[in-house]
Amino acid sequence: MKRGALDSFVTLVAPKKPKYEASADKSSHASYPFAIPHLPAQFTEQLGFAPSEEGKPMNDQLDLDLVYYQPYIPSSIASGVFDFLRTELPFYRVKYNITRGSIQTQVNTPRFTTVFGVDETSRFTASGALVDAKSGRPIEASRYKCKPRPIPQCLDELRKITEGTTGETFNFCLVNYYADGQDSISYHSDDERFLGPNPAIASFSLGAKRDFLMKHKPIPPKQGGDVIQEEPKPIKLALGPGDMVLMRGKTQANWLHSIPKRAGAEAGRGRINITFRKAMVKGDGELLSV
DNA sequence: AGAGCGCCATCTGC
DNA sequence: TGCAGATGGCGCTC
């Protein structure tokens with residue numbers, strides 16, 4: 001076989017993925033299992049052009065208040081940022097025990113997770129110590145079940161840009177990795193005890209396209225009346241790489257969302273979901289989800 | 001809250 | 001239009 005023919009064959013079958021150039025700088029903290037590289041400079045530069053598309057308001061249904069950026073992260077770097085985060089973030093599978101009757105069962109959540117940030121009552125000093133937000137006094141270790149850890153630089157770059165375009169502020173970052181179509185999260189709302197009323201949550205998608213389903217919470221029948229209020233129609237957003245959905249206002253209080261399992265090859269590439277929120281009071285840490 | 005299962009409505013390709 | 005396999009939603013149980 002001729003040299004040229006082989007080259008073009010290889011190129012066709014295995015196109016070079018946009019690789020990232022690792023930064024020498026890293027975020028380190030006692031609560032990290034290992035240092036997390038800073039966002040490669042090429043990505044930081046390109047984030048300067050975000051959002052790629054203007055956000056589209058979706059507020060034409062009862063209690064719904066979304067802004068959909070399709071995409072937000074420039075498509076030139078979406079794949080590279082996915083590879084970077086999947087490789088460099090300390091993901092783990094949350095496991096917990098439940099008791100049903102007298103039977104103990106271990107539940108493995110069907111997704112990988114990693115969490116950064118701390119609620120408004122606390123903050124990190126420049127040297128990484130956790131202190132009370134008001135007094136500046138050190139926080140006793142017993143205050144938090146899980147040791148809070150600061151948002152690493154690579155995610156903080158995205159957080160700052162997101163704050164700029166949304167006008168919201170965020171102090172907390174939850175990242176989920178759905179490794180394949182079998183990974184999922186069932187219907188839920190984000191915890192308002194932890195986030196306060198009418199919380200704003202910015203949710204980014206990278207990697208495989210996955211369906212994001214939303215449905216209104218059941219409307220309790222009016223007491224004494226026989227009028228059945230009509231439920232808003234369920235929503236399906238096919239979230240692609242770089243997309244961002246801002247959920248705000250009455251959305252959390254009144255809508256549920258999920259990422260259902262999916263058959264087929266597309267989901268098999270894996271999807272990363274980054275969410276920024278503002279945590280108002282200390283939370284349990286493991287209750288949170290997308 | 002998740003997995004596995006059965007049931008069934010919908011979609012898609014022929 | 002009809003059919004069959006694939007897909008996905010939902011309810012149930014553990």
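Every chain is numbered from 1, with letters handed out A, B, ... down the list of sequences. Values in this document were obtained by computation on a predicted structure and should not be read as measured data.
The outermost nucleotides of DNA chain C lying under 4.0 Å from heavy atoms of chain A, listed 5' to 3', are C:dG8 to C:dC14.
With sequence neighbours excluded, no residue forms a ring-ring contact (aromatic ring centres under 6.0 Å, His included) with A:Phe276. Not counting sequence neighbours, A:Ala263 has no partner by the side-chain contact (heavy atoms from CB on, under 4.5 Å) test.
Summarising the geometry, the separation between CD on A:Gln106 and P on B:dA3 is reported as 12 Å, rounded to the nearest angstrom. Spacing between atom CG of A:Asn97 and atom P of B:dG2 amounts to 14 Å, rounded to whole angstrom units. Going from atom NZ of A:Lys261 over to atom C1' of B:dC5 covers 14 Å, rounded to whole Å. As rounded to whole Å, 9 Å separates atom P of B:dA3 from atom CZ of A:Arg93.
Applying the salt bridge (charged side-chain N to carboxylate O under 4.0 Å, His left out) test to residues at least two apart or on different chains, the pairs with a partner in residues 250-261 of chain A are A:Asp63-A:Lys250. Listed by first and then second residue, the salt bridge (charged side-chain N to carboxylate O under 4.0 Å, His left out) pairs that reach into residues 158-179 of chain A are A:Asp156-A:Arg159, A:Glu157-A:Lys160, A:Arg159-A:Glu163, sequence neighbours excluded.
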Taking distance alone, no hydrogens or angles, what donor-acceptor pairs closer than 3.5 Å link side-chain atoms of residues 25-34 of chain A to residues at least two apart or in another chain?
unit_1  : atom_1 : unit_2   : atom_2 : d
A:Ser27 : OG     : A:Gln153 : N      : 3.0
A:His29 : ND1    : A:Ser31  : N      : 3.1
A:His29 : ND1    : A:Ser31  : OG     : 2.6
A:His29 : NE2    : A:Gly128 : O      : 2.8
A:Tyr32 : OH     : A:Pro150 : O      : 2.5

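With A:Phe204 as the partner, the side chain to side chain contact (heavy atoms under 4.5 Å, CB included) test is satisfied by one option alone out of A:Asn273, A:Leu158, A:Ile272: A:Leu158.
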